[in-house]
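Chain letters run A, B, ... following the sequence lines, proteins first, then strands; residues in each count from 1.
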Protein chains: 2
Amino acid sequence: MKVTLDEIAQALNVSAMTVSRALRGASGVSAETSARVREYARKVNYRPNLAARALAAKRASVLGAIIPNLRHSFWLEMVMGVEQVAHESGYHVFLSHSADDPVVEREEMWTLVGRRVAAVLIASCDPDGNADTIRDLVDEGVHVLMFDRHGRDPIVPGVYADDVGGAARATEHLVSLGYRRIAHLAGDLKFSPARARLSGYQQKLAEYGLDPIVQEAGFGEENGYLGMQALLRRARVDAVFVSHDPSAIGALQAALNSGLRVPEDVALVGFGNMDCAAHVAVPLTTVDQPRTDLGHALARLALRIIAGDADPSTTVVLPTGFVVRKSCGAHLRGRTP
Amino acid sequence: MKVTLDEIAQALNVSAMTVSRALRGASGVSAETSARVREYARKVNYRPNLAARALAAKRASVLGAIIPNLRHSFWLEMVMGVEQVAHESGYHVFLSHSADDPVVEREEMWTLVGRRVAAVLIASCDPDGNADTIRDLVDEGVHVLMFDRHGRDPIVPGVYADDVGGAARATEHLVSLGYRRIAHLAGDLKFSPARARLSGYQQKLAEYGLDPIVQEAGFGEENGYLGMQALLRRARVDAVFVSHDPSAIGALQAALNSGLRVPEDVALVGFGNMDCAAHVAVPLTTVDQPRTDLGHALARLALRIIAGDADPSTTVVLPTGFVVRKSCGAHLRGRTP
DNA sequence: ATGAAAGCGCTAACAG
DNA sequence: CTGTTAGCGCTTTCAT
């Protein structure tokens, strides 16, 4: 809280500049001086004032990340991936979230600008509604990257999972197990991943000449529960591909509560491979998103963009995995594609 | 990224000071001038440089929070509680975590000091091992508060859940359902909550003249699974009170895998009420921690300490709740205390 | 109610 | 290799 560069400089009879250089590991200091400085600094518990440093250097070695909420471990695992790569390059990560509120999100974006972060990484809770703000940031010269979800047209570089491919894979799996009345509980279609997953499902059904049965359900357990109820009321189905694991868990609950057996009466496949997917009443077969890898890729892309050696329209798409558990009935139907 | 106080001042023919005051809502500006300034600032998308502000003001309106990891929604819900109260007072929250590494944790503490945060809130991954560092911070004049867990002797103010009471309540519940061979799967006893829960369990058993059966298991599913296996191997038990929900889920799995029915053959009660406790194979009866309230209390205490009007040895303990589901067998034994 | 001066602690850009 | 000179953009203090 106290000791400054100047104090160290005086104590050691060198200039503040020398101390600064030594402590940052910059070149232009003799090994001996550097060692003396570092030792003394450690001894007196010196901590650079990061505010002063950011001000003088006109930039902070910081990546600002904005996620929609703190409720979903998916976001946090991505952030951990970002941190790993960031730290290797001497960057810190400021984590903000909007509590799913577009207004808060805008505020957080500007706050990060106020902190002069090197780049803003955002998974927006309203990709289209806040597109203008993102454009404003870009106009101010801020590096912005999106992840997981994007607006109708991509205005900044980004990193995403292969939602179409993952959905196609899940659907294919169900088809290959012999199911024919395969429905889809779609997520909120205002988000690109929900649209992409719907699309992957549709493509695959079309490929096999099967009829799509789509029920829009939105996000979360509650909506999954309600959506599944609605679906069961209006259609007879063999199997359901659910757009997100939390909804899938709600859907599972709804099926069981209606006296249906899972997977015997209705099979279920989710998307996301969230933590408790393996532990729910009927362990969930699901598409696995490479969370940590997505974070790595995002940080790497951000760093390259900051350094100016990446095309500012780069989009990275990472392939998904697939985890077969009980809810799809593969263990009963003896096929694991 | 560009416009500064001075530019606004020039454009409006006032001094930078006036602009500063107007924008911060400080006194000493006529309502009219203030309005003009604010409008213009909004028009040009002015964002104060927070680094400059922190430097000049010698302090940032920021609370630094350090949690052990990003894997447990418990921490994040607490942080959300902290944020709510902090925002009301114009404070931001910097969130850091140590990935359960004491060395990283020390580093993060000093980094927060370097950012001149108004206070450091920490749930340490090594409360005793890092006690010296915490003491160093205090010596440097930094306000430090602990939460959830503390070292052997409390050196700073803190906010905790009533672990003893919660454990006693859980144990009492099992006793009242008629179980007599009640075991405890303890957590890592290097953490105060694990010690407190063990103690609550022991007290309650003693009260009823029952013999304690304690198995140390540590944290996490894997350890819960292993611990339960070990316990089942060495003792015949009616019921098990598990120190943490994740371990309880592992324990549940272990019991089911050994062919035991839950709760018919062995009842289970957890601690924490984590998100998926309601959705696991056998919905988990568990002690509920008031996560958000803990966060609120923590932020409020921090703010009072910063303002200098709280005894720096204050400890806040919040009562826990209790959620009865299937794993305890209350629905079979027809008693809900 | 407003402004001028001074400096927060650090680093960039030049000197030497 | 080392030091000097200027600020970075804001707030504090003290005038007016």
Side-chain angles (χ1 to χ4, degrees), chain A residues 1-38 40-41 44-62 90 110-111 113-118 140-141, chain B residues 1-38 40-41 44-62 90 110-111 113-118 140-141:
Chain A
M1 210 77 165
K2 298 280 159 48
V3 36
T4 68
L5 268 193
D6 277 309
E7 288 167 22
I8 298 185
Q10 287 184 7
L12 262 37
N13 267 315
V14 293
S15 75
M17 224 22 243
T18 301
V19 178
S20 170
R21 286 196 263 252
L23 259 21
R24 276 178 300 148
S27 67
V29 198
S30 73
E32 193 208 1
T33 311
S34 179
R36 264 177 64 222
V37 169
R38 299 169 98 102
Y40 185 79
V44 298
N45 244 321
Y46 169 75
R47 281 282 129 178
N49 182 325
L50 267 13
R53 175 176 286 180
L55 183 59
K58 291 184 169 169
R59 60 193 193 77
S61 290
V62 171
W110 286 116
T111 299
V113 174
R115 295 196 192 289
R116 302 299 188 265
V117 298
E140 301 252 8
Chain B
M1 211 77 164
K2 296 282 159 44
V3 36
T4 69
L5 269 191
D6 277 308
E7 288 166 25
I8 298 185
Q10 287 183 7
L12 261 40
N13 266 316
V14 292
S15 75
M17 231 11 255
T18 300
V19 178
S20 171
R21 286 197 262 253
L23 258 22
R24 277 177 301 149
S27 67
V29 198
S30 72
E32 193 208 359
T33 311
S34 178
R36 263 177 66 221
V37 170
R38 300 170 97 102
Y40 185 78
V44 297
N45 245 322
Y46 168 75
R47 279 283 129 177
N49 182 325
L50 267 12
R53 175 175 285 181
L55 183 59
K58 292 183 170 169
R59 56 192 195 78
S61 290
V62 171
W110 286 116
T111 300
V113 173
R115 296 198 192 288
R116 301 300 187 269
V117 299
E140 300 251 9

> What distance do Arg21(B) atom CZ and Thr33(B) atom OG1 have between them, rounded to the nearest 0.5 Å?
Replying inline: 11.0 Å

> Between dT11(D) atom P and Arg53(B) atom CZ, what is the distance in whole Å?
Replying inline: 5 Å

> Does any N or O in the side chain of Arg53(B) come within less than 3.5 Å of the main-chain N or O of Pro48(B), such that one atom is a donor and the other an acceptor?
Replying inline: no

> Which whole-number value in Å describes the distance from Asp6(B) CG to dG3(C) P?
Replying inline: 12 Å

> What residues form a side chain to side chain donor-acceptor pair (under 3.5 Å) with Thr111(A), not counting sequence neighbours?
Replying inline: none

> Hey, what bend do you get for the helix from dA1(C)-dT16(D) to dG16(C)-dC1(D) if you fit axes on five pairs at each end, rounded to 10°?
Replying inline: 30°

>> By the definition side chain to side chain contact (heavy atoms under 4.5 Å, CB included), identify the one residue from Thr18(B), Val37(B), Leu23(B) that meets it with Leu5(B).
In response: Leu23(B)

> Do you know the tightest heavy-atom contact between Ala9(A) and Ala16(A)?
Replying inline: CB-N, 3.5 Å

> In whole Å, what is the span from the CG atom of Leu55(B) to the C1' atom of dA6(C)?
Replying inline: 13 Å

> Where the side chain of Thr4(B) is concerned, which of dT2(C), dG9(D), dG9(C) is the nearest nucleotide?
Replying inline: dG9(D)

> Separation of Glu32(A) atom CD from dT2(D) atom P, in whole Å?
Replying inline: 8 Å

>> Whether the side chain of Arg116(B) engages the backbone of Lys58(B) through a donor-acceptor N/O pair (distance < 3.5 Å, no angle test) should be reported.
In response: no

>> If you assign each of Ala56(B) and Ser34(B) to its closest nucleotide in DNA chain C, which residue comes earlier from the 5' end?
In response: Ser34(B)

>> When you measure from the side-chain N and O atoms of Ser30(B) to the phosphate of dT2(C), is any distance below 4.0 Å, counting only OP1 and OP2?
In response: yes

> Between Trp110(A) and Asn45(B), what is the shortest heavy-atom contact and its length?
Replying inline: CZ2-OD1, 3.5 Å

> Could you give the CG-to-C1' distance, from Leu5(B) to dT12(D), as a whole number of Å?
Replying inline: 14 Å

>> Please give me every residue in residues 8-29 of chain B whose heavy atoms get under 4.0 Å of an atom in DNA chain C, ordered by residue number.
In response: Val14(B), Ser15(B), Met17(B), Thr18(B), Arg21(B), Gly28(B), Val29(B)

> So, is Tyr46(B) close to the dG9(D) phosphate, meaning a side-chain N or O under 4.0 Å from OP1 or OP2?
Replying inline: no

> Going from CG on Asn49(A) to CZ on Arg47(A), what distance comes out if it is rounded to the nearest 0.5 angstrom?
Replying inline: 12.0 Å

>> Could you tell me how far apart Arg116(B) (CZ) and dG9(C) (P) are, to the nearest whole angstrom?
In response: 8 Å

>> If I take atom NZ in residue Lys58(A) and atom P in nucleotide dA13(C), what distance separates them, rounded to the nearest angstrom?
In response: 8 Å

>> How long is the straight-line distance from CD1 of Ile8(B) back to CZ of Arg36(B), given to the nearest 0.5 Å?
In response: 12.0 Å

>> Starting the side chain at C-beta, find the nucleotide from dG9(C), dT11(C), dT2(D) nearest to Thr33(A).
In response: dT2(D)

> In whole angstrom, what separates Glu7(A)'s CD from dC8(C)'s C1'?
Replying inline: 13 Å

